[in-house]
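By convention in this document, chain letters (A, B, ...) are assigned in the order of the sequence lines, proteins followed by strands, and residues within each chain are numbered from 1.
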Amino acid sequence: MKAYINDTAHSIIKGETILDFVRRVENREAIPTMCQDDRLDNFGSCRVCSVEVAKEKNGSTKTLASCHTPVTEGLYIYHNTDKIKRLRKNIVELVLTDYPTDKLVAPENKAPTEFQKTIAQIGIPTIRYPKGDNHLTIEPDRAHPYIKSDLSQCINCYRCVRACEEIQGEMILNMSGRGFATRIIKGFDTTFDESACVSCGACVQTCPTEALTDKFETKTLIPDKTVQTTCTYCGVGCQLEVAVIDRKIRGIQAPKTAEVNEGHTCLKGRFAFQFYNHPDRLREPMIKKNGTFEVVTWEEAYDFVAKKLLYIKNKYGANAIGGFSSSRATNEENYLMQKMIRVAIGTNNIDGCARVCHAPTAFGMQQSFGTGAATNSIEDLKEADAIFLFGANPLKGHPVTGAKLKQAFMKGVTSIVVDPVKTTLAKLATHFLQIRPGTNVAILNMMAYYIITENLVKQDFIDTYTEMYDDFKNHVLALDMDALSELTGVAKTLVKNAAIAYANANRAMEFHGLGVTEHFQGSKTVMLLSNIAMMTGNVGRKGVGLNPLRGQNNVQGAADMGVQPHQGAGYLDVNDPEIQHYYAKKYRINKMPEKEGLKIPDMLNAAIEGKLKALYIMGEDTIMTDPNTNHSIKAFENLELIVVQELFMTATSKMADVILPASSYFEKNGTFTNGERRVQRVNKVIEPIGNTKPDGQIIIDMMHKLGYTQPTGLTYDAAKIIEEIADVIPFMKGLTWERLGTNGLQWPINADGTDTKTLHVNGAFKKGKGTFHHFDFEESPEIVEHGTNYPFILTTGRELEHYNSGTMTRRTDNQYLLAKDYLEVHPKDAKRKGVTNDDMVKIFSDRGSVTIPVKISKNVKKGVLRTTFHQPEVFINIITGSVGDKETLTPEYKVVAVDFEKI
Amino acid sequence: MANKNIRSLSYRKELDDNLFENITALSKKKVSSKEFHNLAKRFMIDDSVVIGTASFYDFLRPENQEKKVHVCNGTACMVAGTQDQLTEKLSTLVDADKIGHVPCLGHCHKNNAFLYNNHTYSAHSIEALEKIISDTPALENTYYIGSSSTPILTSKIENITEFYTLFESYIKHPEKVIEQLKQSNLRGRGGAGFPFYFKLDAVLKENETQKYIVCNADEGDPGAYSDMYLMEHQAHKVLFGMLIAGKTVGANTGVLYIRGEYPNSIRKIKQAIKQLEDLNLLQHFRFKIIRGQGAYVCGEETALLNSIEGLRPEVRVRPPYPAQYGLFGKPTVLSNVETFANIHWILKHGGAAYAALGNGKSTGTKMVSLDSYFNRPGMYEIEMGTPLKSVIEEYGKGFKSEIKALQIGGPLGGIVPIHKVKDLTLDFESFTNHGFLLGHASIVSIPNHFPIIKFIEHLLEFTADESCGKCYPCRIGSHRGYEMLKKAQNESYKIDRQLFNDLIETLELGSLCALGGGVPLPIKNALQYFEDELKEYFK
Ligand SMILES: Cc1cc2nc3c(=O)[nH]c(=O)nc-3n(C[C@H](O)[C@H](O)[C@H](O)COP(=O)(O)O)c2cc1C
Ligand code: SF4
Ligand code: SF4
Ligand code: SF4
Ligand code: FES
């Protein structure tokens with residue numbers, strides 16, 4: 001199929017518009033546009049994309065807007081005729097009658113806006129119209145900490161309105177009025193700040209003028225350089241384009257070519273970077289002497305730590321030492337950290353913050369499928385016809401994926417949400433099962449029951465690719481649905497309908513979050529989710545599977561790299577002598593430690609018991625984020641040595657003997673692995689701040705002091721570490737720094753560099769056959785033991801504006817957007833307790849109490865409370881308990897027996 | 001296609017708990033912003049969607065909520081010159097600031113038109129006005145009704161049940177319906193003249209369970225009242241057309257979008273639907289009336305669909321066409337009242353019989369509305385191809401005063417100078433070939449004394465007022481054009497002719513829809529035929 005551009009024939013692609021076609025054949029500038037953005041549906045408002053079109057050569061032409069006219073076979077397109085040039089110029093002239101005359105070209109210190117470039121290209125006409133009505137006196141809106149508007153520069157292209165709806169899935173912006181009087185409004189015609197804007201910045205990025213800008217004026221910067229890197233704030237793994245001037249970070253945009261985020265980010269990725277050179281950054285190594293920190297040289301610090309560690313190792317054995325690694329650090333650094341603990345110190349006491357979030361996912365999915373990672377890719381959302389969201393609030397925790405889910409939900413895809421909290425997505429969903437916190441196993445057993453009794457199982461899939469189904473089936477069929485319904489607090493018909501919806505879909509895609517894992521029965525829940533997927537044949541194809549929404553940015557990577565006491569890099573069992581031999585060879589040492597190490601909670605207990613003497617912590621605020629703070633503090637107080645690599649003086653840093661100041665992710669190279677197993681580059685944007693060093697460098701130096709020389713050399717070089725990782729981890733064979741390019745690779749990465757979007761394809765489970773497990777619901781000991789004295793169930797979650805304990809985000813303007821943690825209380829409970837909005841209450845559990853302001857909300861059921869854990873003032877973990885997932889010890893943050901009273 | 005998310009959220013509550021009707025109800029109740037917010041929450045949309053929509057419509061804007069009387073400022077009342085006196089007299093009866101405007105109430109045959117308490121009136125004596133304001137009587141809008149050879153639309157329905165029996169022979173045979181309509185060569189009467197069977201065929205082929213029939217009863221052209229006539233006097237012809245179209249394509253819902261300026265049409269259609277219900281003739285088909293809230297552009301088909309959905313009635317890009325992506329994104333047959341009204345006759349007498357009327361490409365008859373400058377103003381059903389001269393002389397009985405031109409086919413129709421009348425026959429081709437437009441075939445007479453400059457100023461003002469504001473040429477261009485024409489009459493300012501021509505060309509070539517794209521036609525006619533009158537305003 002061909003069409004003609006200025007009488008020359010070119011092949012056309014089905015479905016493309018004339019604009020796509022001409023731009024593809026010639027270049028982007030071939031046809032100017034104002035209202036068009038590749039990421040948005042075509043709109044046709046500016047009309048400067050008009051072209052002349054004829055059915056035959058030199059035939060009579062029609063003028064059509066190319067952006068929304070499909071190109072058809074044999075069409076003759078003339079995009080640069082005098083008539084068209086005149087039309088464009090005349091449109092620009094009209095636009096300029098209502099546009100500030102001093103904004104036609106960029107001032108010297110600013111890059112031109114897209115609009116300024118476009119009008120320069122078309123030619124800036126002299127305005128012949130007499131002065132008339134205009135919008136030049138609209139007041140600017142500067143109330144929001146990041147996003148500003150000056151609508152006198154607005155050209156009514158609607159791109160912001162559409163970006164808000166089509167990219168972010170919000171509808172904060174709209175036009176008001178009609179005809180010439182139309183103008184952009186926010187919310188109820190208010191300011192950005194007052195509106196329900198989620199500050200994603202999509203509108204700012206697309207706005208072709210400076211009608212919408214951000215605090216950093218990112219669009220019009222003239223950077224010395226821009227560097228693409230991977231966001232540190234969650235497991236989505238957005239690509240960021242960071243602009244640098246004078247060795248300072250000046251602004252961040254989302255690259256349109258990024259497969260993960262396609263030109264979008266949330267407010268954390270885009271705006272929350274100011275922490276990097278915040279005065280609070282730790283800039284010098286310090287040793288605590290007589291209770292106060294004193295600045296020392298790196299040499300002194302290293303020597304001090306090495307000496308002390310060796311002393312402890314000699315005196316108590318290597319197992320008296322433990323290491324906490326961080327899911328915020330790069331793969332290379334996590335790899336080095338576990339290597340240091342295992343190789344240079346000689347113990348498997350290495351664990352990471354995945355312990356407090358997704359360890360049950362890794363464990364459970366390994367039991368069921370053989371691989372503890374997302375089976376599918378986010379892009380599969382486009383193909384799924386049912387979405388099953390369990391215990392996750394991605395609009396807050398994984399905003400860019402959340403925005404995609406929200407759009408799918410709004411467009412009416414069959415959607416099932418299981419959550420104790422009525423989240424926005426729950427409100428939009430087709431089926432919402434609002435369970436009592438902690439009854440996940442019960443609700444999944446119910447779903448399985450109805451899938452079986454409604455005859456919706458895919459028996460041939462089960463027979464061919466899985467094992468142990470009959471045991472599961474018999475177990476489930478023996479359960480009493482009335483009892484489970486009572487227990488979960490969800491009516492049977494609701495569960496049944498949801499089960500039918502899931503099972504009936506051609507492609508049902510599951511997502512889950514910490515609402516699944518942070519429970520007493522966390523791993524079991526993951527295995528039951530796997531069961532539900534297997535029994536309906538929803539594994540091993542596009543648009544299906546189990547897709548954990550990873551808490552931190554590199555939870556997947558840290559586990560891949562061996563930050564677990566029982567599995568080394570690549571998930572190989574450290575108890576297996578053959579594996580020990582394998583690692584010893586790879587690490588070029590004689591002997592690996594022989595038995596598996598302790599998990600974080602066990603290490604803390606061991607410290608209390610006096611068996612663990614030293615902790616080496618990289619980038620974790622254990623005190624603030626682990627449950628039962630008083631217990632953690634007690635453990636820490638019992639240690640002889642605490643070493644902390646950190647950016648800030650956190651609660652944990654304060655307890656350290658030695659602080660090694662680390663560089664932020666802007667200051668180093670490496671890789672992060674996102675929730676869909678995609679290894680992506682972290683590129684150094686600026687040199688390390690102050691006297692800090694990248695974690696990877698610190699570990700290499702430390703190992704050297706401890707007597708192990710990293711074979712890749714004494715300088716931390718991510719590319720070289722990657723070579724070593726590729727050599728050690730079987731499923732990363734083909735990984736190289738070069739091959740990662742700008743969009744990364746999804747593991748398994750084959751030797752030839754090809755990667756993998758979907759796991760277990762066609763029933764080929766990693767572990768051979770997929771395995772069904774079965775479980776009964778068991779009440780959490782937290783409820784059994786404390787439920788009577790503490791009748792409310794507290795569950796915790798995150799807000800969009802902050803990242804976990806907020807060490808980074810609180811040190812940005814995000815803090816102005818959300819400065820407090822709140823306790824969400826159902827109106828009836830509030831009434832009973834005599835509290836109302838903003839009242840301070842004391843909330844107490846068996847462990848202790850904290851005070852917190854109240855927010856009345858119907859999003860929680862009666863008897864359930866919800867809060868966040870971002871602000872140190874509240875320190876919610878003082879009241880959380882020590883119950884954890886049986887298999888992985890992941891703490892049960894989501895069920896805490898509490899009571900509260902007004903103070 | 002923009003707004004897919006909002007559209008599908010609105011679809012969740014669809015027509016029974018319709019977003020647009022909800023917005024309408026709140027806007028008229030003058031409630032606090034909290035209630036708008038709750039509505040938005042209920043639909044899971046943001047406040048901006050709700051107030052963005054409300055701000056679009058004349059009847060919903062906050063500043064218009066105080067208005068009690070709306071005086072017509074449409075073209076026919078303007079040339080008739082009744083508006084100022086009427087307003088003056090009314091202001092002795094109601095507060096002047098409670099008097100608003102509407103463009104056209106379908107009283108173009110009598111003028112002195114106004115809307116009061118959901119009734120439309122024509123009155124000029126102070127006694128009559130006083131009585132209306134105090135009693136709000138239900139007065140019929142009466143006018144002469146005539147027809148040429150074969151009355152299709154104006155014939156009387158003697159027995160409703162019998163009228164609907166025709167249904168039986170077609171209900172199971174979509175292909176037969178489409179075949180007859182194809183043979184008839186029935187073309188859309190809303191202005192564009194698109195073959196009707198084609199839409200049915202396209203929607204029939206769509207593989208969707210939810211489909212819609214939408215009747216465009218937003219007759220906004222000032223000077224036109226034929227759809228009003230059909231709704232008020234021939235409602236069953238319209239409803240039958242929608243019903244059979246629905247059964248043909250597999251749609252069980254028919255929406256009539258009736259402009260709010262026609263309260264009596266709404267009442268009459270409601271009664272007719274009720275009759276069908278009572279007579280058990282509905283065939284499980286659901287009729288829904290949506291009341292327009294004062295925006296001419298809602299007559300444009302895609303704006304109309306957005307309007308029903310509660311979105312801002314901005315014009316959508318095409319493709320996709322309504323047949324593929326119509327109301328709530330579902331396949332939709334959208335046509336004009338008069339188009340639907342023709343179907344019964346065609347199916348009863350056969351497509352061939354219909355095609356035998358008219359001249360070749362324009363078949364059947366056309367409703368023509370004549371304004372009060374005719375000696376016998378009113379509503380005429382005229383066979384296509386009839387000489388325009390005989391419409392004026394035989395049917396309209398000539399003019400009351402000296403007329404220099406006619407605007408035919410609404411505000412976007414051509415300005416036909418009186419000497420060109422003899423060249424035209426009443427059909428799509430004749431008008432187009434001579435540089436005019438049949439459109440919806442309303443005829444408004446421009447008397448000799450009425451300055452053409454004022455007339456085209458009015459057209460640009462109307463376009464600027466009614467522009468949806470989406471596309472640049474129309475949003476800015478129509479307003480600038482209006483400003484220049486106004487300025488040229490009040491000040492020493494003279495319009496740069498090159499600039500004006502550029503503006504007209506930009507509107508014509510660049511506009512997204514036929515509002516901005518159509519207004520250049522009458523202006524070009526005026527510039528061509530009334531150069532003498534206009535030249536003093538240009539340099
Ligand atoms: C500004 C504008 C106003 C319109 N107003 C009407 C109208 O009031 N009634 C109508 O039937 N069509 C109107 N149309 C035409 C419709 O877009 C559409 O073509 C028509 O309703 C299709 O029905 P038909 O095929 O039966 O003519 C208008 C078009 C434009 C551009
Ligand atoms: S920042 Fe995001 S949510 Fe806020 S108005 Fe812009 S696009 Fe919408
Ligand atoms: S604010 Fe910017 S993006 Fe929005 S309509 Fe105006 S110019 Fe376009
Ligand atoms: S021509 Fe006018 S009414 Fe039509 S789309 Fe453009 S702005 Fe809207
Ligand atoms: S790019 Fe086509 S109308 Fe704006």
Side-chain angles (χ1 to χ4, degrees), chain A residues 34-35 40-48 50 63 65 67-70 83 86-87 90-91 93-95 97-98 128-130 132-133 155-156 158 161-162 165-166 169-182 185-190 195-196 406-407 410-412 424 427-428, chain B residues 1-6 8-9 11-12 33 36-37 44-53 55-57 61 295 297 312-319 463-480 483-484 487 493 496 498-499 502-503 505-506 509-512:
Chain A
M34 292 179 185
C35 68
L40 303 175
D41 287 342
N42 293 320
F43 192 65
S45 68
C46 75
R47 319 305 289 173
V48 298
S50 296
T63 303
C67 72
H68 61 87
T69 309
K83 189 167 165 186
R86 192 166 66 235
L87 175 62
N90 285 332
I91 295 175
E93 183 178 355
L94 283 171
V95 174
T97 60
D98 191 12
R128 296 166 290 172
Y129 291 95
D133 295 337
I155 58 167
N156 289 46
Y158 289 72
V161 177
R162 292 178 287 144
E165 186 191 341
E166 294 172 30
E170 298 294 325
M171 303 146 192
I172 307 306
L173 299 169
N174 201 1
M175 281 292 173
S176 153
R178 74 179 188 224
F180 188 77
T182 50
I185 55 165
K186 306 141 199 162
F188 212 100
D189 197 2
T190 173
S195 76
K406 186 176 180 197
Q407 304 227 29
M410 286 192 289
K411 294 205 177 79
T424 301
K427 288 176 198 158
L428 285 164
Chain B
M1 178 66 60
N3 297 128
K4 284 204 196 98
N5 294 326
I6 305 174
S8 83
L9 290 172
Y11 177 57
R12 292 189 182 193
S33 62
F36 281 97
H37 179 69
M44 293 179 285
I45 54 182
D46 191 78
D47 302 341
S48 77
V49 180
V50 173
I51 65 158
T53 293
S55 67
F56 196 100
Y57 296 92
R61 288 190 190 145
V297 77
R312 287 169 56 77
E314 286 157 357
V315 174
R316 302 179 186 172
V317 294
R318 268 159 300 200
T463 307
D465 274 355
E466 300 295 344
S467 161
C468 79
K470 175 172 171 178
C471 78
Y472 291 16
C474 174
R475 170 175 60 90
I476 318 172
S478 60
H479 193 75
R480 294 289 175 242
E483 283 176 342
M484 285 196 288
K487 200 171 164 76
Y493 172 75
D496 174 346
Q498 182 58 46
L499 173 64
D502 281 350
L503 174 64
E505 185 188 55
T506 305
L509 299 179
S511 295
L512 170 60

Between [options], which has the largest tally of heavy atom pairs under 4.5 Å with chain A?
| options | value |
| --- | --- |
| B:H37, B:R318, B:R475 | B:R475 |
| B:S48, B:G477, B:S8 | B:S48 |
| B:C474, B:P319, B:S478, B:A464 | B:P319 |
| B:E466, B:K487, B:Q498 | B:E466 |
| B:R61, B:M484, B:R12 | B:R12 |
| B:M44, B:E483, B:R312 | B:R312 |

What part of [X] lies closer than 4.5 angstrom to a heavy atom of chain B: side chain, backbone, both or neither?
| X | value |
| --- | --- |
| A:D98 | both |
| A:I155 | both |
| A:R128 | both |
| A:K83 | side chain |
| A:E93 | side chain |

Would you give the length of the straight line joining atom [atom1] of [X] to atom [atom2] of [Y], rounded to the nearest 0.5 angstrom?
| X | Y | atom1 | atom2 | answer |
| --- | --- | --- | --- | --- |
| B:I45 | A:M410 | CD1 | CE | 11.0 Å |
| A:I185 | B:S55 | CD1 | OG | 6.0 Å |
| A:N174 | B:T53 | CG | OG1 | 6.5 Å |

(message) Strictly distance-based, threshold 3.5 Å: is any side-chain N or O of B:E505 a donor or acceptor partner for the main-chain N or O of A:L87?
(response) no
Using a 4.5 angstrom heavy-atom cutoff, name the option from [options] with the most pairs to chain B.
| options | value |
| --- | --- |
| A:K427, A:M171, A:K406 | A:M171 |
| A:V161, A:N156, A:T190, A:T182 | A:N156 |
| A:G132, A:G169, A:G187 | A:G187 |

Measuring only between side-chain heavy atoms, which start at C-beta, is [X] closer than 4.5 Å to [Y]?
| X | Y | result |
| --- | --- | --- |
| A:V95 | B:Y472 | yes |
| B:I51 | A:F188 | yes |
| A:I91 | B:I476 | no |
| A:R162 | B:N3 | no |

Where is the tightest heavy-atom contact between [X] and [Y], given as atom of each residue plus distance?
| X | Y | value |
| --- | --- | --- |
| B:P473 | A:S45 | CD-O, 4.4 Å |
| A:R178 | B:A295 | NH1-CB, 3.6 Å |
| A:G44 | B:C471 | O-CB, 4.2 Å |
| B:D46 | A:I172 | OD1-CD1, 3.6 Å |

Under a 3.5 Å cutoff, is there a donor and acceptor pairing between the side chains of [X] and [Y]?
| X | Y | value |
| --- | --- | --- |
| B:R480 | A:T97 | yes |
| B:E314 | A:Y158 | yes |
| B:N5 | A:Q407 | yes |

For [X], is it the side chain, the backbone, both, or neither that has a heavy atom closer than 4.5 Å to a heavy atom of chain A?
| X | result |
| --- | --- |
| B:A2 | both |
| B:Y493 | side chain |
| B:R316 | neither |

(request) Flag the pair B:K4 and A:E166 as a salt bridge only when some basic side-chain nitrogen lies within less than 4.0 angstrom of an acidic carboxylate oxygen. (result) no
(request) Take A:R47 and B:S511 through the test side chain to side chain donor-acceptor pair (under 3.5 Å) and record every step on the way to the result. (result) CA-CA 7 Å; A:R47 319 305 289 173; B:S511 295; over 6 Å; no
(message) Could you tell me if B:K470 sits above the aromatic ring of A:F43, with its cationic atom closer than 6.0 Å to the ring centre and no more than 45 degrees from the axis?
(response) yes
(request) Dump the intermediate steps for side chain to side chain contact (heavy atoms under 4.5 Å, CB included) on B:T506 and A:L94, then the final yes or no. (result) CA-CA 10 Å; B:T506 305; A:L94 283 171; 4.2 Å; yes
